[in-house]
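Let me begin by presenting the structure, written as C-alpha coordinates, before commenting on it.
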Amino acid sequence: EYNYISLKRIDHFYSSKPRSDQFTILVSGIPASAGSSFSQAVDKFFTEYHPSTYLSHTVVRRTSKIQSLVNDAEKLYRTLGRLKSTNSRQRHKREGFLGLFGRKVDLVDHYERKLEDIEDNVRLEQSSLGGEEIPAAFVSFKSRFGAAIALHIRQGINPTEWVTERAPEPKDIYWPFFSASFVKRWMFKIVVVVAYIAVTILFLIPVVVVQGLTHLEQLETWLPFLKGVLSLTFVSNLITGYLPSLILQLFLSIVPPIMILFSSMQGSISHSQIEKNACTMLLWFTVWNIFFANVLSGSALSMVNIFLEPKKIPGLLGEVVPAQASFFIAYVVTSGWTSTTSELLRLFPLLYSFVQRLFMGKDDDEDDFEIPSIPYHSEIPRILFFKLLGVTYFFLAPLILPFLLVYCCLGYIIYRNQFLNVYAPKFETGGKFWPIVHNSTIFSLVLMHVIAIGIFGLKKLPLASSLTIPLPILTLVFNAYCRKRFLPIFKAYPTECLIKKDRKDQDDPTMTEFLEKLATAYQDPAMTAARYSRNDDGRSSPLLRGVEV
(Lines give C-alpha, C1' and ligand atoms only; values in the text may rest on other atoms or scores of the structure.)
Protein backbone atom coordinates (compact mmCIF):
# COMPACT_ATOMS: atom_id res chain seq x y z
CA GLU A 1 0.00 0.00 0.00
CA TYR A 2 2.89 2.36 0.77
CA ASN A 3 4.29 1.62 -2.70
CA TYR A 4 0.87 2.20 -4.30
CA ILE A 5 0.35 5.56 -2.57
CA SER A 6 3.90 6.69 -3.40
CA LEU A 7 3.34 5.88 -7.09
CA LYS A 8 0.04 7.81 -6.97
CA ARG A 9 1.95 10.74 -5.49
CA ILE A 10 4.43 10.68 -8.39
CA ASP A 11 1.60 10.38 -10.93
CA HIS A 12 -0.13 13.34 -9.32
CA PHE A 13 3.07 15.37 -9.63
CA TYR A 14 3.49 14.55 -13.31
CA SER A 15 -0.15 15.34 -14.16
CA SER A 16 -0.40 18.57 -12.14
CA LYS A 17 -0.23 22.01 -13.68
CA PRO A 18 2.67 24.30 -12.71
CA ARG A 19 2.18 25.51 -9.14
CA SER A 20 3.84 28.39 -7.38
CA ASP A 21 5.09 26.27 -4.46
CA GLN A 22 7.00 23.98 -6.84
CA PHE A 23 9.19 26.91 -7.97
CA THR A 24 9.51 28.78 -4.68
CA ILE A 25 11.31 28.40 -1.36
CA LEU A 26 11.09 30.37 1.88
CA VAL A 27 14.38 31.89 3.00
CA SER A 28 14.70 33.06 6.61
CA GLY A 29 17.57 34.35 8.68
CA ILE A 30 18.53 36.94 6.07
CA PRO A 31 21.57 38.77 7.46
CA ALA A 32 21.20 42.50 7.89
CA SER A 33 23.76 44.74 6.25
CA ALA A 34 24.32 48.44 6.69
CA GLY A 35 22.99 50.63 3.92
CA SER A 36 20.81 47.97 2.25
CA SER A 37 17.42 46.47 2.89
CA PHE A 38 16.55 42.79 3.19
CA SER A 39 15.12 42.91 -0.32
CA GLN A 40 18.39 44.21 -1.74
CA ALA A 41 20.35 41.59 0.21
CA VAL A 42 18.20 38.74 -1.16
CA ASP A 43 18.46 39.98 -4.73
CA LYS A 44 22.24 40.39 -4.51
CA PHE A 45 22.80 36.98 -2.88
CA PHE A 46 20.73 34.87 -5.28
CA THR A 47 21.81 36.82 -8.35
CA GLU A 48 25.42 36.05 -7.44
CA TYR A 49 25.10 32.41 -6.38
CA HIS A 50 22.11 31.24 -8.46
CA PRO A 51 22.48 33.37 -11.60
CA SER A 52 21.01 30.88 -14.08
CA THR A 53 17.94 29.82 -12.09
CA TYR A 54 16.99 32.77 -9.84
CA LEU A 55 13.82 34.54 -10.98
CA SER A 56 12.40 36.91 -8.36
CA HIS A 57 11.66 37.33 -4.67
CA THR A 58 9.09 38.84 -2.32
CA VAL A 59 10.24 40.03 1.10
CA VAL A 60 7.82 39.32 3.93
CA ARG A 61 6.53 42.28 5.91
CA ARG A 62 4.91 42.43 9.30
CA THR A 63 1.31 43.33 8.43
CA SER A 64 -0.73 42.17 11.42
CA LYS A 65 -2.00 45.72 12.11
CA ILE A 66 -3.10 46.18 8.48
CA GLN A 67 -4.85 42.82 8.49
CA SER A 68 -6.73 43.79 11.64
CA LEU A 69 -7.94 46.97 9.92
CA VAL A 70 -8.98 45.00 6.85
CA ASN A 71 -10.99 42.59 9.01
CA ASP A 72 -12.74 45.53 10.67
CA ALA A 73 -13.55 46.96 7.24
CA GLU A 74 -15.04 43.67 6.09
CA LYS A 75 -17.28 43.51 9.17
CA LEU A 76 -18.44 47.07 8.57
CA TYR A 77 -19.18 46.33 4.92
CA ARG A 78 -21.34 43.34 5.89
CA THR A 79 -23.16 45.52 8.40
CA LEU A 80 -23.76 48.14 5.71
CA GLY A 81 -25.16 45.50 3.39
CA ARG A 82 -27.68 44.42 6.02
CA LEU A 83 -28.65 48.01 6.86
CA LYS A 84 -29.28 48.95 3.23
CA SER A 85 -31.63 45.99 2.86
CA THR A 86 -33.80 47.22 5.76
CA ASN A 87 -36.32 50.02 5.88
CA SER A 88 -35.29 53.60 6.65
CA ARG A 89 -36.62 53.55 10.25
CA GLN A 90 -34.17 50.84 11.29
CA ARG A 91 -31.27 52.82 9.83
CA HIS A 92 -31.49 55.55 12.49
CA LYS A 93 -30.16 55.20 16.01
CA ARG A 94 -29.27 57.48 18.90
CA GLU A 95 -25.59 58.02 19.67
CA GLY A 96 -25.87 57.69 23.45
CA PHE A 97 -25.83 54.75 25.85
CA LEU A 98 -27.53 51.63 24.39
CA GLY A 99 -29.02 53.80 21.67
CA LEU A 100 -31.43 55.44 24.14
CA PHE A 101 -29.91 58.90 24.52
CA GLY A 102 -28.34 61.55 22.31
CA ARG A 103 -29.20 62.71 18.84
CA LYS A 104 -30.30 60.39 16.07
CA VAL A 105 -27.82 59.53 13.33
CA ASP A 106 -28.10 57.75 10.02
CA LEU A 107 -26.24 54.48 10.56
CA VAL A 108 -25.50 54.07 6.84
CA ASP A 109 -23.68 57.41 6.67
CA HIS A 110 -22.06 56.72 10.02
CA TYR A 111 -20.60 53.37 8.92
CA GLU A 112 -19.57 54.72 5.51
CA ARG A 113 -17.55 57.42 7.24
CA LYS A 114 -15.95 54.73 9.39
CA LEU A 115 -15.06 52.77 6.26
CA GLU A 116 -13.39 55.82 4.75
CA ASP A 117 -11.40 56.36 7.95
CA ILE A 118 -10.25 52.74 7.91
CA GLU A 119 -9.27 53.06 4.26
CA ASP A 120 -7.15 56.11 5.06
CA ASN A 121 -5.52 54.28 7.98
CA VAL A 122 -4.71 51.29 5.77
CA ARG A 123 -3.14 53.52 3.11
CA LEU A 124 -1.09 55.23 5.81
CA GLU A 125 0.11 51.91 7.24
CA GLN A 126 0.97 50.55 3.79
CA SER A 127 2.98 53.64 2.89
CA SER A 128 4.97 53.49 6.14
CA LEU A 129 5.97 49.83 5.87
CA GLY A 130 9.43 50.54 4.46
CA GLY A 131 11.02 49.75 7.82
CA GLU A 132 8.71 46.80 8.59
CA GLU A 133 10.54 44.18 6.57
CA ILE A 134 11.40 41.00 8.44
CA PRO A 135 14.42 38.80 7.60
CA ALA A 136 12.41 36.35 5.47
CA ALA A 137 11.52 36.20 1.79
CA PHE A 138 9.85 33.97 -0.76
CA VAL A 139 12.41 33.32 -3.49
CA SER A 140 11.20 31.98 -6.85
CA PHE A 141 13.22 30.17 -9.51
CA LYS A 142 12.86 29.48 -13.22
CA SER A 143 12.66 25.71 -12.73
CA ARG A 144 11.66 23.17 -10.10
CA PHE A 145 15.14 21.69 -10.13
CA GLY A 146 16.67 25.10 -9.44
CA ALA A 147 14.34 25.57 -6.46
CA ALA A 148 15.21 22.07 -5.19
CA ILE A 149 18.96 22.79 -5.34
CA ALA A 150 18.52 25.98 -3.32
CA LEU A 151 16.26 24.16 -0.87
CA HIS A 152 18.50 21.20 -0.05
CA ILE A 153 21.96 22.80 -0.16
CA ARG A 154 23.12 25.02 2.69
CA GLN A 155 23.35 28.57 1.38
CA GLY A 156 25.68 30.31 3.81
CA ILE A 157 28.71 29.54 5.97
CA ASN A 158 26.73 30.42 9.07
CA PRO A 159 24.01 27.73 9.43
CA THR A 160 21.68 30.21 11.14
CA GLU A 161 21.68 32.50 8.08
CA TRP A 162 20.00 31.96 4.72
CA VAL A 163 17.94 29.09 6.12
CA THR A 164 15.73 27.53 3.44
CA GLU A 165 12.49 25.59 3.68
CA ARG A 166 9.77 24.55 1.31
CA ALA A 167 7.23 27.27 0.49
CA PRO A 168 3.52 26.40 0.60
CA GLU A 169 0.99 27.46 -1.99
CA PRO A 170 0.10 31.17 -1.72
CA LYS A 171 -3.45 30.39 -0.63
CA ASP A 172 -2.12 27.91 1.96
CA ILE A 173 0.16 30.37 3.76
CA TYR A 174 -0.63 31.07 7.40
CA TRP A 175 0.35 34.76 7.43
CA PRO A 176 0.16 35.29 11.23
CA PHE A 177 3.23 33.04 11.40
CA PHE A 178 5.36 35.98 10.25
CA SER A 179 3.91 38.39 12.81
CA ALA A 180 5.44 36.47 15.72
CA SER A 181 9.10 36.79 16.61
CA PHE A 182 11.43 33.80 16.93
CA VAL A 183 11.46 34.04 20.74
CA LYS A 184 7.67 34.22 20.83
CA ARG A 185 7.31 31.13 18.62
CA TRP A 186 9.86 29.26 20.76
CA MET A 187 7.95 30.13 23.94
CA PHE A 188 4.65 29.12 22.34
CA LYS A 189 6.08 25.68 21.56
CA ILE A 190 6.79 25.15 25.25
CA VAL A 191 3.34 26.47 26.16
CA VAL A 192 1.72 24.07 23.68
CA VAL A 193 3.54 21.06 25.15
CA VAL A 194 2.43 21.98 28.67
CA ALA A 195 -1.14 22.74 27.54
CA TYR A 196 -1.34 19.48 25.57
CA ILE A 197 -0.31 17.48 28.64
CA ALA A 198 -2.80 19.44 30.79
CA VAL A 199 -5.69 18.79 28.37
CA THR A 200 -4.76 15.10 28.23
CA ILE A 201 -4.82 14.85 32.02
CA LEU A 202 -8.06 16.83 32.35
CA PHE A 203 -9.74 14.57 29.80
CA LEU A 204 -9.25 11.68 32.22
CA ILE A 205 -12.10 13.15 34.31
CA PRO A 206 -14.86 12.35 31.78
CA VAL A 207 -13.16 9.00 31.11
CA VAL A 208 -13.45 8.07 34.79
CA VAL A 209 -17.08 9.24 34.82
CA VAL A 210 -17.82 7.18 31.72
CA GLN A 211 -16.23 4.08 33.22
CA GLY A 212 -18.30 4.64 36.35
CA LEU A 213 -21.43 4.47 34.21
CA THR A 214 -20.36 1.12 32.79
CA HIS A 215 -20.23 -0.35 36.32
CA LEU A 216 -23.54 0.06 38.10
CA GLU A 217 -22.06 -0.89 41.46
CA GLN A 218 -19.66 2.07 41.26
CA LEU A 219 -22.46 4.40 40.19
CA GLU A 220 -24.63 3.24 43.11
CA THR A 221 -21.73 3.90 45.47
CA TRP A 222 -21.25 7.43 44.12
CA LEU A 223 -25.00 8.23 43.87
CA PRO A 224 -26.89 6.03 46.35
CA PHE A 225 -30.21 7.85 45.77
CA LEU A 226 -30.34 6.36 42.23
CA LYS A 227 -30.54 2.72 43.37
CA GLY A 228 -34.27 2.53 42.70
CA VAL A 229 -33.98 3.91 39.18
CA LEU A 230 -30.95 1.79 38.33
CA SER A 231 -32.85 -1.38 39.25
CA LEU A 232 -35.00 -0.93 36.12
CA THR A 233 -33.72 -3.12 33.29
CA PHE A 234 -34.26 -0.53 30.54
CA VAL A 235 -32.49 2.24 32.48
CA SER A 236 -29.56 0.04 33.46
CA ASN A 237 -29.08 -1.17 29.86
CA LEU A 238 -29.25 2.39 28.54
CA ILE A 239 -26.75 3.71 31.11
CA THR A 240 -24.24 0.89 30.81
CA GLY A 241 -24.54 0.35 27.05
CA TYR A 242 -25.25 3.54 25.11
CA LEU A 243 -24.81 6.49 27.45
CA PRO A 244 -21.07 6.11 28.33
CA SER A 245 -19.82 6.13 24.74
CA LEU A 246 -22.22 8.96 23.83
CA ILE A 247 -20.92 11.13 26.68
CA LEU A 248 -17.35 10.34 25.70
CA GLN A 249 -18.05 11.32 22.10
CA LEU A 250 -19.58 14.65 23.19
CA PHE A 251 -16.46 15.51 25.21
CA LEU A 252 -14.22 14.37 22.37
CA SER A 253 -15.99 16.69 19.90
CA ILE A 254 -14.49 19.77 21.58
CA VAL A 255 -10.91 18.48 21.25
CA PRO A 256 -10.27 19.01 17.46
CA PRO A 257 -10.61 22.84 17.64
CA ILE A 258 -8.25 22.83 20.62
CA MET A 259 -5.68 20.80 18.66
CA ILE A 260 -5.94 23.21 15.72
CA LEU A 261 -5.29 26.09 18.14
CA PHE A 262 -2.27 24.30 19.62
CA SER A 263 -0.90 23.47 16.18
CA SER A 264 -1.25 27.08 14.95
CA MET A 265 0.62 28.30 18.05
CA GLN A 266 3.56 25.98 17.33
CA GLY A 267 4.75 28.10 14.43
CA SER A 268 3.56 26.34 11.30
CA ILE A 269 3.88 28.33 8.10
CA SER A 270 0.89 26.82 6.27
CA HIS A 271 -2.69 25.78 6.98
CA SER A 272 -1.94 22.29 5.65
CA GLN A 273 0.94 21.87 8.09
CA ILE A 274 -1.27 23.12 10.92
CA GLU A 275 -3.90 20.55 10.01
CA LYS A 276 -1.33 17.78 9.63
CA ASN A 277 0.21 18.50 13.05
CA ALA A 278 -3.26 18.71 14.60
CA CYS A 279 -4.10 15.36 12.99
CA THR A 280 -1.09 13.71 14.64
CA MET A 281 -1.78 15.33 18.00
CA LEU A 282 -5.44 14.31 17.97
CA LEU A 283 -4.62 10.76 16.89
CA TRP A 284 -2.34 10.05 19.84
CA PHE A 285 -4.66 11.98 22.16
CA THR A 286 -7.48 9.65 21.06
CA VAL A 287 -5.35 6.51 21.40
CA TRP A 288 -4.32 7.40 24.92
CA ASN A 289 -7.55 8.86 26.31
CA ILE A 290 -10.08 6.63 24.56
CA PHE A 291 -8.19 3.34 24.38
CA PHE A 292 -5.59 3.17 27.13
CA ALA A 293 -7.39 5.41 29.64
CA ASN A 294 -10.57 3.33 29.29
CA VAL A 295 -8.94 -0.09 29.50
CA LEU A 296 -6.69 0.95 32.41
CA SER A 297 -9.22 3.02 34.37
CA GLY A 298 -10.41 -0.01 36.34
CA SER A 299 -7.32 0.26 38.53
CA ALA A 300 -6.36 3.65 39.89
CA LEU A 301 -2.65 2.92 39.68
CA SER A 302 -2.66 1.05 36.38
CA MET A 303 -1.61 4.07 34.32
CA VAL A 304 1.33 4.72 36.64
CA ASN A 305 2.39 1.08 36.97
CA ILE A 306 2.42 0.59 33.21
CA PHE A 307 5.40 2.97 33.08
CA LEU A 308 7.06 1.90 36.35
CA GLU A 309 7.01 -1.82 35.51
CA PRO A 310 7.40 -2.24 31.73
CA LYS A 311 7.87 -6.04 32.05
CA LYS A 312 4.28 -6.37 33.23
CA ILE A 313 2.80 -4.43 30.28
CA PRO A 314 1.87 -7.49 28.15
CA GLY A 315 0.22 -9.28 31.06
CA LEU A 316 -1.65 -6.15 32.18
CA LEU A 317 -2.93 -5.40 28.68
CA GLY A 318 -3.87 -9.03 28.16
CA GLU A 319 -6.00 -8.82 31.29
CA VAL A 320 -7.73 -5.42 30.94
CA VAL A 321 -8.19 -5.04 27.14
CA PRO A 322 -10.64 -7.97 26.66
CA ALA A 323 -12.77 -6.66 29.55
CA GLN A 324 -13.61 -3.49 27.57
CA ALA A 325 -14.78 -5.25 24.40
CA SER A 326 -18.47 -4.47 24.95
CA PHE A 327 -17.72 -0.80 25.62
CA PHE A 328 -15.78 -0.40 22.37
CA ILE A 329 -18.47 -2.20 20.37
CA ALA A 330 -20.96 0.36 21.69
CA TYR A 331 -18.43 3.11 20.92
CA VAL A 332 -18.21 2.00 17.29
CA VAL A 333 -22.00 2.22 17.02
CA THR A 334 -22.42 5.58 18.76
CA SER A 335 -19.32 7.32 17.44
CA GLY A 336 -18.71 5.57 14.14
CA TRP A 337 -22.19 4.99 12.75
CA THR A 338 -23.63 8.21 14.19
CA SER A 339 -20.79 10.46 13.03
CA THR A 340 -20.83 8.96 9.54
CA THR A 341 -24.55 9.41 9.04
CA SER A 342 -24.45 12.92 10.52
CA GLU A 343 -21.67 13.70 8.03
CA LEU A 344 -24.11 12.93 5.22
CA LEU A 345 -26.83 15.14 6.72
CA ARG A 346 -24.38 17.88 7.87
CA LEU A 347 -26.69 18.81 10.74
CA PHE A 348 -24.27 21.05 12.64
CA PRO A 349 -23.50 23.36 9.66
CA LEU A 350 -27.23 23.48 8.93
CA LEU A 351 -28.07 24.49 12.51
CA TYR A 352 -25.24 27.03 12.55
CA SER A 353 -26.50 28.62 9.34
CA PHE A 354 -30.04 28.72 10.73
CA VAL A 355 -28.87 30.43 13.93
CA GLN A 356 -26.91 33.00 11.91
CA ARG A 357 -29.95 33.90 9.82
CA LEU A 358 -32.32 33.93 12.78
CA PHE A 359 -30.29 35.78 15.42
CA MET A 360 -27.50 37.56 13.52
CA GLY A 361 -29.56 38.78 10.59
CA LYS A 362 -27.33 37.22 7.94
CA ASP A 363 -28.83 36.46 4.56
CA ASP A 364 -27.90 33.67 2.21
CA ASP A 365 -27.05 36.14 -0.57
CA GLU A 366 -24.99 38.45 1.63
CA ASP A 367 -21.61 36.83 0.95
CA ASP A 368 -20.24 34.46 -1.60
CA PHE A 369 -20.89 30.92 -0.49
CA GLU A 370 -17.71 29.28 0.77
CA ILE A 371 -17.42 25.66 -0.25
CA PRO A 372 -16.43 23.61 2.81
CA SER A 373 -13.36 21.40 2.96
CA ILE A 374 -13.12 18.11 4.81
CA PRO A 375 -11.61 18.47 8.30
CA TYR A 376 -8.74 16.01 7.90
CA HIS A 377 -7.49 16.72 11.42
CA SER A 378 -10.64 15.21 12.97
CA GLU A 379 -11.73 12.61 10.41
CA ILE A 380 -8.41 10.81 9.86
CA PRO A 381 -7.79 10.16 13.61
CA ARG A 382 -11.33 8.80 13.99
CA ILE A 383 -10.90 6.35 11.11
CA LEU A 384 -7.44 5.27 12.30
CA PHE A 385 -8.73 4.71 15.82
CA PHE A 386 -11.44 2.36 14.57
CA LYS A 387 -8.74 0.54 12.61
CA LEU A 388 -6.77 0.16 15.85
CA LEU A 389 -9.86 -1.31 17.53
CA GLY A 390 -10.28 -3.78 14.70
CA VAL A 391 -6.63 -4.89 14.76
CA THR A 392 -6.44 -5.27 18.55
CA TYR A 393 -9.86 -6.89 19.11
CA PHE A 394 -10.28 -9.16 16.08
CA PHE A 395 -8.94 -12.19 18.02
CA LEU A 396 -10.22 -11.10 21.45
CA ALA A 397 -13.81 -10.17 20.57
CA PRO A 398 -14.57 -11.02 16.92
CA LEU A 399 -18.08 -9.66 17.41
CA ILE A 400 -16.67 -6.16 16.87
CA LEU A 401 -15.76 -6.94 13.25
CA PRO A 402 -19.32 -6.79 11.78
CA PHE A 403 -19.85 -3.38 13.40
CA LEU A 404 -16.56 -2.12 11.97
CA LEU A 405 -17.44 -3.58 8.57
CA VAL A 406 -20.72 -1.67 8.55
CA TYR A 407 -18.83 1.49 9.54
CA CYS A 408 -16.31 1.03 6.72
CA CYS A 409 -19.05 0.42 4.14
CA LEU A 410 -21.03 3.47 5.29
CA GLY A 411 -17.85 5.56 5.31
CA TYR A 412 -16.89 4.52 1.79
CA ILE A 413 -20.30 5.39 0.36
CA ILE A 414 -20.84 8.62 2.30
CA TYR A 415 -17.35 10.08 2.06
CA ARG A 416 -17.18 9.27 -1.63
CA ASN A 417 -20.33 11.35 -2.08
CA GLN A 418 -18.95 14.14 0.10
CA PHE A 419 -15.67 14.31 -1.82
CA LEU A 420 -17.42 14.37 -5.18
CA ASN A 421 -20.41 16.60 -4.43
CA VAL A 422 -19.86 18.55 -1.18
CA TYR A 423 -16.24 19.28 -0.30
CA ALA A 424 -13.56 21.17 -2.19
CA PRO A 425 -9.90 20.96 -1.12
CA LYS A 426 -8.40 24.15 0.28
CA PHE A 427 -4.87 22.91 -0.25
CA GLU A 428 -3.10 20.10 -2.08
CA THR A 429 -0.48 18.01 -0.27
CA GLY A 430 -0.06 15.14 -2.72
CA GLY A 431 -0.68 12.38 -0.17
CA LYS A 432 1.48 13.72 2.66
CA PHE A 433 -1.02 12.46 5.23
CA TRP A 434 -0.30 8.86 4.25
CA PRO A 435 2.78 8.38 6.54
CA ILE A 436 0.48 9.13 9.49
CA VAL A 437 -1.77 6.28 8.37
CA HIS A 438 1.19 3.94 7.94
CA ASN A 439 2.71 4.77 11.33
CA SER A 440 -0.59 4.23 13.12
CA THR A 441 -0.99 0.88 11.35
CA ILE A 442 2.45 -0.25 12.55
CA PHE A 443 1.57 0.89 16.07
CA SER A 444 -1.72 -1.05 15.96
CA LEU A 445 0.07 -4.21 14.84
CA VAL A 446 2.75 -3.96 17.54
CA LEU A 447 0.08 -3.29 20.17
CA MET A 448 -1.86 -6.34 18.99
CA HIS A 449 1.30 -8.46 19.27
CA VAL A 450 1.96 -7.24 22.82
CA ILE A 451 -1.64 -7.98 23.84
CA ALA A 452 -1.38 -11.45 22.27
CA ILE A 453 1.80 -12.16 24.25
CA GLY A 454 -0.02 -11.15 27.43
CA ILE A 455 -3.06 -13.26 26.60
CA PHE A 456 -0.96 -16.36 25.93
CA GLY A 457 0.91 -15.74 29.18
CA LEU A 458 -2.34 -15.57 31.15
CA LYS A 459 -3.54 -18.74 29.43
CA LYS A 460 -0.35 -20.52 30.55
CA LEU A 461 0.79 -21.09 26.95
CA PRO A 462 4.52 -20.34 27.08
CA LEU A 463 5.26 -21.81 23.64
CA ALA A 464 2.63 -19.63 21.92
CA SER A 465 3.83 -16.59 23.84
CA SER A 466 7.46 -17.25 22.86
CA LEU A 467 6.58 -17.76 19.19
CA THR A 468 4.71 -14.41 19.18
CA ILE A 469 7.70 -12.42 20.47
CA PRO A 470 9.42 -12.21 17.02
CA LEU A 471 6.30 -10.67 15.43
CA PRO A 472 6.66 -7.12 16.82
CA ILE A 473 10.38 -7.23 16.03
CA LEU A 474 9.70 -8.23 12.41
CA THR A 475 7.00 -5.56 12.18
CA LEU A 476 9.40 -2.85 13.33
CA VAL A 477 12.03 -4.09 10.88
CA PHE A 478 9.44 -3.88 8.10
CA ASN A 479 8.60 -0.34 9.21
CA ALA A 480 12.28 0.62 9.05
CA TYR A 481 12.42 -0.74 5.49
CA CYS A 482 9.35 1.32 4.51
CA ARG A 483 10.89 4.46 5.99
CA LYS A 484 14.05 3.97 3.94
CA ARG A 485 12.29 2.90 0.75
CA PHE A 486 9.17 5.06 0.51
CA LEU A 487 9.18 7.90 3.06
CA PRO A 488 11.75 10.06 1.17
CA ILE A 489 9.26 10.37 -1.70
CA PHE A 490 6.82 12.06 0.69
CA LYS A 491 9.48 14.54 1.85
CA ALA A 492 10.82 15.69 -1.52
CA TYR A 493 10.50 14.76 -5.19
CA PRO A 494 13.63 13.14 -6.71
CA THR A 495 15.79 14.74 -9.38
CA GLU A 496 14.43 12.36 -12.00
CA CYS A 497 10.88 13.62 -11.51
CA LEU A 498 11.84 17.29 -11.30
CA ILE A 499 13.90 17.36 -14.49
CA LYS A 500 11.33 15.33 -16.44
CA LYS A 501 8.63 17.77 -15.40
CA ASP A 502 10.79 20.81 -16.21
CA ARG A 503 11.59 19.45 -19.68
CA LYS A 504 7.93 18.81 -20.31
CA ASP A 505 7.09 22.40 -19.35
CA GLN A 506 9.57 23.77 -21.88
CA ASP A 507 7.02 22.96 -24.58
CA ASP A 508 4.18 24.57 -22.64
CA PRO A 509 3.30 28.01 -24.14
CA THR A 510 1.70 29.16 -20.90
CA MET A 511 4.93 28.90 -18.84
CA THR A 512 6.02 32.43 -19.75
CA GLU A 513 2.81 33.89 -18.37
CA PHE A 514 3.06 31.65 -15.30
CA LEU A 515 6.58 32.84 -14.49
CA GLU A 516 5.50 36.47 -14.87
CA LYS A 517 2.69 35.95 -12.39
CA LEU A 518 5.05 34.13 -10.05
CA ALA A 519 6.76 37.44 -9.26
CA THR A 520 3.66 38.68 -7.40
CA ALA A 521 2.16 35.35 -6.30
CA TYR A 522 3.52 35.58 -2.75
CA GLN A 523 2.55 39.14 -1.99
CA ASP A 524 0.84 39.49 1.38
CA PRO A 525 -2.94 39.90 0.87
CA ALA A 526 -2.89 42.75 3.39
CA MET A 527 -0.67 44.74 1.03
CA THR A 528 -3.05 44.42 -1.92
CA ALA A 529 -6.33 44.82 -0.07
CA ALA A 530 -8.39 47.35 1.82
CA ARG A 531 -9.54 49.80 -0.82
CA TYR A 532 -13.13 50.91 -0.67
CA SER A 533 -14.58 53.23 -3.26
CA ARG A 534 -17.87 55.01 -3.48
CA ASN A 535 -20.02 54.48 -6.54
CA ASP A 536 -22.29 57.09 -8.07
CA ASP A 537 -25.24 55.72 -6.13
CA GLY A 538 -23.46 56.35 -2.83
CA ARG A 539 -22.93 52.71 -2.04
CA SER A 540 -19.58 51.28 -0.98
CA SER A 541 -17.96 48.69 -3.22
CA PRO A 542 -16.73 45.48 -1.63
CA LEU A 543 -13.22 44.92 -0.43
CA LEU A 544 -10.79 44.48 -3.32
CA ARG A 545 -8.40 41.65 -2.69
CA GLY A 546 -5.97 42.29 -5.51
CA VAL A 547 -4.85 39.86 -8.19
CA GLU A 548 -5.42 36.22 -7.38
CA VAL A 549 -2.82 33.85 -8.82
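Within the 4.5 Å cutoff, the side chain of W186 has no heavy atoms near those of the K189 side chain. Put simply, the side chain of P168 does not reach to within 4.5 Å of the side chain of D21, judged on heavy atoms. Here the side chains of M259 and H377 are not in contact, with every heavy-atom distance at 4.5 Å or above. Using a 4.5 Å heavy-atom cutoff, the side chains of L498 and F13 are in contact. Residues I455 and I451 have side chains in contact (heavy-atom distance under 4.5 Å, counting atoms from C-beta outward). Contact annotation: the side chain of E275 never approaches that of S268 to less than 4.5 Å [non-hydrogen atoms, C-beta and beyond]. Contact of the Y415 side chain with the I374 side chain is registered, since non-hydrogen atoms from C-beta on lie closer than 4.5 Å. Contact of the I205 side chain with the F251 side chain is not registered, since no non-hydrogen atoms from C-beta on lie closer than 4.5 Å.
Atom OG of S378 and atom CD1 of I260 lie 8.5 Å apart (nearest 0.5 Å). With values rounded to the nearest 0.5 angstrom, Q22 atom CD is found 10.0 Å from R166 atom CZ. In this structure, CD1 on I442 lies 12.5 Å from CG on L447, to the nearest 0.5 angstrom. For the atom pair M511 CE and K504 NZ, the distance stands at 12.0 Å (nearest 0.5 Å). Residue I414 holds its CD1 atom at 8.0 Å from CD of E343, rounded to the nearest 0.5 Å. Summarising the geometry, atom CG belonging to L151 is positioned 6.0 Å from atom CD1 belonging to I25; distances are rounded to the nearest 0.5 Å.
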Residues N439, N479; criterion side chain to side chain contact (heavy atoms under 4.5 Å, CB included); working and verdict: CA-CA 8 Å; N439 293 336; N479 181 50; 4.2 Å; yes
Check the pair F285 / L252 against side chain to side chain contact (heavy atoms under 4.5 Å, CB included), numbers first and verdict last. CA-CA 10 Å; F285 180 91; L252 192 62; 4.1 Å; yes
Stepwise side chain to side chain contact (heavy atoms under 4.5 Å, CB included) test for F456 and L467: CA-CA 10 Å; F456 293 144; L467 293 176; over 6 Å; no
What's the verdict on side chain to side chain contact (heavy atoms under 4.5 Å, CB included) for F292 and V287, showing C-alpha distance, side-chain angles and the deciding distance? CA-CA 7 Å; F292 286 107; V287 170; 3.7 Å; yes
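The backbone N or O of Y423 lies less than 3.5 Å from no partner atom in the side chain of Q418, so there is not a single donor-acceptor pair. Side chain of S15 to backbone of H12: a donor-acceptor contact under 3.5 angstrom is found. Under a 3.5 Å cut-off, the side chain of K501 and the backbone N or O of S16 do form a donor-acceptor pair. A distance-only check finds no donor-acceptor pair linking the side chain of S465 to the backbone of L461 [under 3.5 Å]. S335 contributes no side-chain N or O that, together with a main-chain N or O of V332, makes up a donor-acceptor pair within less than 3.5 Å. Between the side chain of N294 and the backbone N or O of I290 there is at least one donor-acceptor pair closer than 3.5 Å.
The neighbour count for R154 CZ, taken as heavy atoms of other residues, nucleotides or ligands under 6.0 Å away, does not exceed 12. F478 CZ: 12 or fewer foreign heavy atoms inside a 6.0 Å radius. The environment of CD1 in I157 is sparse: at most 12 heavy-atom neighbours from other residues, nucleotides or ligands sit within 6.0 Å. Annotation for R19: atom CZ counts as buried by contact number, over 12 foreign heavy atoms lying within 6.0 Å. More than 12 heavy-atom neighbours from other residues, nucleotides or ligands sit within 6.0 angstrom of NZ on K432.
Cation-pi geometry between R9 and Y493 is met: the NZ or CZ atom falls under 6.0 Å from the ring centre, inside 45° of the normal.
Using a 30° and 60° split on the angle between ring planes, W434 and Y2 fall in the perpendicular class, above 60°. Y393 and F291 have perpendicular rings, their planes meeting at more than 60° on a 0 to 90° scale where under 30° would count as parallel. Between F385 and Y331, the ring planes lie perpendicular to each other; the angle is over 60°, past the 30° to 60° tilted range. Note: F141 and H50 have perpendicular aromatic rings, judged against thresholds of 30 and 60 degrees for the angle between ring planes.
Between P159 and V163, the closest heavy-atom pair is O-CG2, 3.5 Å. Closest non-hydrogen pair, F177 versus R185, comes out as O-NH1, 3.1 Å. Summarising the geometry of V295 relative to F328, their closest heavy-atom pair is CG1-CE1, 3.7 Å, with the distance given to 0.1 Å. L396 and T392 get closest at one heavy-atom pair: CD1-O, 3.4 Å. Nearest heavy atom pair, residue P170 against residue A521, reads CB-O, 3.4 Å. Listed here is the closest heavy atom pair of Y196 and M281: OH-O, 2.8 Å.
A donor-acceptor contact closer than 3.5 angstrom links the side chains of Q273 and N277. No hydrogens or angles considered: a donor-acceptor pair under 3.5 Å links the side chains of S440 and K387.
Taking the ring centroids of Y49 and F45, they lie under the 6.0 Å cut-off.
Partner of W337 under the ring-ring contact (aromatic ring centres under 6.0 Å, His included) criterion, out of F386, F403, Y407: F403 alone. Just one of D502, T24, T53 meets the side chain to side chain donor-acceptor pair (under 3.5 Å) condition when paired with R144; it is D502. Shown are D172, T429, L26; of these, the side chain to side chain contact (heavy atoms under 4.5 Å, CB included) with S270 is made only by D172.
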